[in-house]
Protein chains: 2
Amino acid sequence: MTEKRLYHTVANKLLELIDSGVFPPGSRLPGERDLAKRFGVSRVSIREAGIALQAQGRVEIKVGSGVYVLDRSSLPVYGLPKVGPFELTEARALFEGEAAALAAPMISDEDLVRLERLIEIMTGEVEDELGPVEADAEFHLTIARSTNNHAILFVIDSLWKMREEASQLQEVYETVCHKDHRDREDEHRLILEALKRRDSSAARIAMRAHFSRMIEALLVESEAQALREVQRKSSESRSRYTLSQQTE
Amino acid sequence: MTEKRLYHTVANKLLELIDSGVFPPGSRLPGERDLAKRFGVSRVSIREAGIALQAQGRVEIKVGSGVYVLDRSSLPVYGLPKVGPFELTEARALFEGEAAALAAPMISDEDLVRLERLIEIMTGEVEDELGPVEADAEFHLTIARSTNNHAILFVIDSLWKMREEASQLQEVYETVCHKDHRDREDEHRLILEALKRRDSSAARIAMRAHFSRMIEALLVESEAQALREVQRKSSESRSRYTLSQQTE
DNA sequence: GGTTTGAAATGTCCATACCAATTTAGAAAT
DNA sequence: ATTTCTAAATTGGTATGGACATTTCAAACC
């Protein structure tokens, strides 16, 4: 209990208050100056505690407003590596393929109808509070969940979070996904059909095909993007050149 | 690049310096006062950056000594789920099997001799700074690393950390591993042989066999453990009974 | 009623001074 | 020459006080 760093003990006391319900998720903590007086420490220590808690994903600090308690359940796994689109898709192809194969013999009927509905949401046939992107995530997570294996669920959840992490990566994904949304629908249906038949190896193949097509699309897209980049840079240097011509 | 919080930009700059090799893992970075002058900010901001980095597990701060760079792959990832031995081993069988299959065609000769050496360390033939347990970890991580896929490396690293997380789980593993250490050696050699031949499917099969045997052993062990638990509880309730007899 | 404005609250940052833990170097003893 | 001990230098930790930027919200205004 007797921590060495002051900010650490402050952070722990705050966590106790949060966990004991004094500061429920969503609520706002007292101001720095207030807390400093209450704990009998300086404002610096309070703020350091806040930074530490923020780094742990327990609170959110909004400048000029205050620090707000976050919901513990939605804590975003820190230490996720920065990965490129190809690495990520390759990993997903392998791991989600295996997850689907494992899930096939044991998936429940409820989950099967849930998958059906999620596909309809993605295609836009059905409106829902879930957006099409969230539905896509839920599709893959539902399959992972039906393996009844927390480690597998964690892995696939982490892979999805990596995708969300890098905004640049997300852009690439968006364009790829929306371009061939018809292909994606077909692939999702093939996966679902294999699961319905409780066919492990078909499920694995279908899932892999889904990601293989994605890698193909990524190749095309990254090529086009590289081309645009070249054009942008050359036009940039051209305008800089004309600019320097004018100023001299 | 222009973050809003000052300590955040400082932290990012430090991370760049660390990742670019200016401050390699294990090294000590300049003192607060030095860094403050260098970045043109106050000491508090430097320390706040340090706290943030520490919370992310990237550095270790020792009072009176300095802040030291930690090995990136060695620690972080909070929010690992608690998983049982069976779940974990099942997940490892699937995922590490695929990783081995992917690594087989592209693994370097240096990594192959490294794997050879690691097996020898595990069997005790060779002494090393690495213990046998660490060698086991390194064996699997080396294979994962040679896929050249950071996402895959992350997953397999995470799975190993889950094993280390729960002490109870570790006990079970220890007993299982040491009981049939001869089997384990053979299995590791089979994996290595498959990799040497660049045979993807053989590598996958060998890796899966390794974990399948583990699951078998776990079944036996958990049975024995369940038996012990029953005995413990019954003897406990018996002693409680005699105790309540005495006090009344 | 809707918009603008301005004061209060709040987080952010800095400079300085002092404290406590650690390391280092040099003197002293062997 | 080597070891041991002590004191100074170095380093991170904390406190204080002030200045600044952003946000919030209610009063004032059109």
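The model shown is predicted, which means the values in this text are computed figures rather than measured ones. To find a chain, count down the sequence lines: A is the first, B the second, and so on, and within it residues start at 1.
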Using side-chain heavy atoms (C-beta onward) and a distance below 4.5 Å, is [X] in contact with [Y]?
| X | Y | answer |
| --- | --- | --- |
| A:L159 | A:L88 | yes |
| B:I143 | B:I191 | yes |
| B:L17 | B:K13 | no |

With respect to the side chain of A:V63, which nucleotide from C:dT12, C:dT22, D:dG12 is positioned closest? C:dT12
If the plane angle is over 60° it's perpendicular, under 30° parallel, otherwise tilted; pick one for B:H188 and B:H140. perpendicular
I want to know whether A:H210 and A:F139 have ring centres closer than 6.0 Å. no
Euclidean distance, atom [atom1] of residue [X] to atom [atom2] of [N] [Å, nearest integer]:
| X | N | atom1 | atom2 | result |
| --- | --- | --- | --- | --- |
| B:L29 | D:dT10 | CG | C1' | 15 Å |
| B:H8 | C:dG11 | NE2 | C1' | 16 Å |
| A:L6 | D:dG12 | CG | P | 18 Å |
| B:I51 | C:dC13 | CD1 | C1' | 15 Å |
| A:Y68 | D:dT24 | OH | P | 6 Å |
| A:I61 | C:dT10 | CD1 | C1' | 12 Å |

DNA chain C contacts made by residues 32-39 of chain A, counting heavy atoms under 4.0 Å: A:E32, A:R33
Under a 4.0 Å heavy-atom cut-off, which of residues 41-50 of chain A touch DNA chain C? A:R43, A:R47
Check nucleotides 24-26 of chain C for protein N or O atoms closer than 3.5 Å to its own N or O atoms and list the pairs.
none

Write down the atom of A:V69, the atom of A:P24, and the distance for their closest heavy-atom approach. CB-O, 3.6 Å
Say you draw a straight line from [atom1] of [X] to [atom2] of [Y]; how long is it, rounded to the nearest 0.5 Å?
| X | Y | atom1 | atom2 | value |
| --- | --- | --- | --- | --- |
| A:R43 | A:R33 | CZ | CZ | 4.0 Å |
| B:T9 | B:L6 | OG1 | CG | 5.0 Å |
| B:L192 | B:L115 | CG | CG | 5.5 Å |
| A:R38 | A:D34 | CZ | CG | 4.5 Å |

Tell me the bend of the helix from C:dG1-D:dC30 to C:dT30-D:dA1 as the angle between end helix axes, each from five pairs, rounded to the nearest 10 degrees. 10°
Listed by chain and number, what are the side chain to side chain donor-acceptor pair (under 3.5 Å) partners of B:S65, not counting sequence neighbours? B:Y68
Ion pair check, B:D136 and B:R184, cut-off under 4.0 Å: yes
Sorted by chain and number, sequence neighbours left out, salt bridge (charged side-chain N to carboxylate O under 4.0 Å, His left out) with B:E87 holds for none
